[in-house]
Amino acid sequence: MRIDVVTIFPDYLAPLELSLLGKARDAGIVDFHIHDLRSFTSNNHHAVDDTPYGGGAGMVMLPEIWGLALDPLMVEDTELIILTPAGERFDQRMAQRLSGSSHLVFACGRYEGIDDRVRQHYSTDRYSARKITVHEVSIGDYVLGGGEVASLVMIEAITRLLPGVLGNPDSLCEESHNESGYLEYPNFTKPAIWRDIAVPEILLSGNHAEIAKWRANMAKNRGNDNL
């Protein structure tokens, strides 16, 4: 999988070099490319934004600069992800779907966001014919300073689903958000008693059938009132 991230703060994406993400890159499972949006400017101050038409607070990111940055990345079978609080809510199901993609491009907006004509332009038939799709995505009902943090959240959730990224692939079957829709059961390790709190006896029994049943019941009853 190739992942491109376009941002005015390339250093924000440094965590892509760490932990599982860094190992996945080194193993050739994921190919990361970070692009500095300001490198596509031609003005002396490297400005990437201007005042909004119609008035209002804040600044809007210029479509022309985004076009220059994104055009070379819009190859066949690309999914362009525009991070915005107004987008579709990111969840595990979306992560699973996007993990099957060959090329993801993350557009990290700042200020009052990216001029909407960028979304409109890459959503036209001209691009859909090349199997290019555009998604507006939000990671939650709150506002961040920009899309960089959101892109890191999404990239980690997506890439850990790729074959070979996790040391133990069975971990994907028993994690907090899986295809069953239930949250993961509570986990415990040594010692058996910590600060007068004991590990549930069933986990010490060695009866794997009963342990599996206990874990399933705990998952069903754990924080699932809003499902």
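For this chain, numbers begin at 1 and follow the sequence in order.
- Annotation: side chain of I34 is not in contact with side chain of F9 (no heavy-atom distance under 4.5 Å).
- Considering all non-hydrogen atoms of both residues, A69 and L37 come closest at CB-CD1, 3.8 Å.
- For D11, there are no salt bridge (Lys or Arg N to Asp or Glu O under 4.0 Å) partners two or more places apart in sequence or in a different chain.
- Annotation: the span from T133 atom OG1 to I81 atom CD1 amounts to 8.5 Å, rounded to 0.5 Å.
- The distance from atom OG1 of T159 to atom CE of M1, rounded to the nearest 0.5 Å, is 8.0 Å.
- Note that CG of L152 and SG of C108 are 8.0 Å apart. Values are rounded to the nearest 0.5 Å.
- In this structure, the side chain of S19 does not engage the main chain of L21 through any donor-acceptor pair within 3.5 Å.
- Annotation: salt bridge (Lys or Arg N to Asp or Glu O under 4.0 Å) contacts of D31 (sequence neighbours excluded): none.
- Distance check: L98 CG to Q96 CD gives 10.5 Å after rounding to the nearest 0.5 Å.
- Under the 4.5 Å side-chain contact rule for hydrophobic residues, L203 and I197 do not share a cluster.
- Among pairs with a residue in residues 22-41, none fulfils ring-ring contact (aromatic ring centres under 6.0 Å, His included), at least two apart in sequence or across chains.
- Counting only heavy atoms from C-beta outward, the side chains of L83 and L144 never approach each other to under 4.5 Å.
- The closest side-chain heavy-atom distance from V5 to I155 is below 4.5 Å.
- Side-chain contact between I8 and Y111 is present, with at least one heavy-atom pair separated by less than 4.5 Å.
- Follow the hydrophobic side-chain contacts under 4.5 Å out from I202 and you reach L204 in the same cluster.
- Here the OG-CG distance, from S151 to D4, works out to 12.0 Å after rounding to the nearest 0.5 Å.
- Distance CH2/W214 to CG/N207: 13.5 Å, rounded to 0.5 Å.
- The side-chain hydrogen bond (donor to acceptor under 3.5 Å, both in side chains) pairs that include a residue from residues 55-64 number zero, where partners must be two or more places apart or lie in different chains.
- Under the rule for a side-chain hydrogen bond (donor to acceptor under 3.5 Å, both in side chains), D77 has no partner lying at least two apart in sequence or in another chain.
- Within the structure, side-chain hydrogen bond (donor to acceptor under 3.5 Å, both in side chains) contacts touching residues 39-63 (residues at least two apart or in different chains) are T41-H46.
- With sequence neighbours left out, the ring pair (Phe, Tyr, Trp, His ring centres under 6.0 Å) criterion links H121 to Y127.
- Taking a cutoff of 4.0 Å between a charged side-chain nitrogen and a carboxylate oxygen, D91 and R89 do not qualify as a salt bridge.
- A donor-acceptor pair shorter than 3.5 Å cannot be found between the side chains of N221 and Y185.
- When side chains are defined from C-beta on, T7 does not count as touching F106, because their heavy atoms never get closer than 4.5 Å.
- The stretch residues 109-118 participates, sequence neighbours left out, in these salt bridge (charged side-chain N to carboxylate O under 4.0 Å, His left out) pairs: R110-E148, D115-R117, D116-R119.
- For T78, the side-chain hydrogen bond (donor to acceptor under 3.5 Å, both in side chains) partners two or more places apart in sequence, or in a different chain, are H103.
- One hydrophobic cluster, built from ILVMFWY side chains closer than 4.5 Å, cannot hold both V60 and W66; they sit in different ones.
- With contacts defined as side-chain heavy-atom distances shorter than 4.5 Å, the pair I158/I3 does not qualify.
- Under the 4.5 Å side-chain contact rule for hydrophobic residues, V165 and L18 do not share a cluster.
- The two residues A157 and A95 come nearest to each other via the heavy atoms O-CB, 4.0 Å.
- A continuous path of hydrophobic side-chain contacts links L162 to L16 [ILVMFWY only; heavy atoms under 4.5 Å].
- Remark: the H135 side chain and the E79 side chain contain an N/O donor-acceptor pair separated by less than 3.5 Å.
- Considering every non-hydrogen atom in both A57 and P52, the closest pair reads O-CG, 4.4 Å.
- Considering only residues two or more places apart in sequence or on other chains, R126 meets the salt bridge (Lys or Arg N to Asp or Glu O under 4.0 Å) condition with none of them.
- Between Q92 and L161, some side-chain heavy-atom pair lies under the 4.5 Å cut-off.
- Considering only residues two or more places apart in sequence or on other chains, R195 meets the side-chain hydrogen bond (donor to acceptor under 3.5 Å, both in side chains) condition with none of them.
- For R130, the salt bridge (Lys or Arg N to Asp or Glu O under 4.0 Å) criterion is met by no residue, not counting sequence neighbours.
- A side-chain contact (heavy atoms from CB on, under 4.5 Å) with V134 is found for one member of L80, V118, V105 and no other, namely L80.
- Within a 6.0 Å radius of CD in E88, no more than 12 heavy atoms belonging to other residues, nucleotides or ligands are found.
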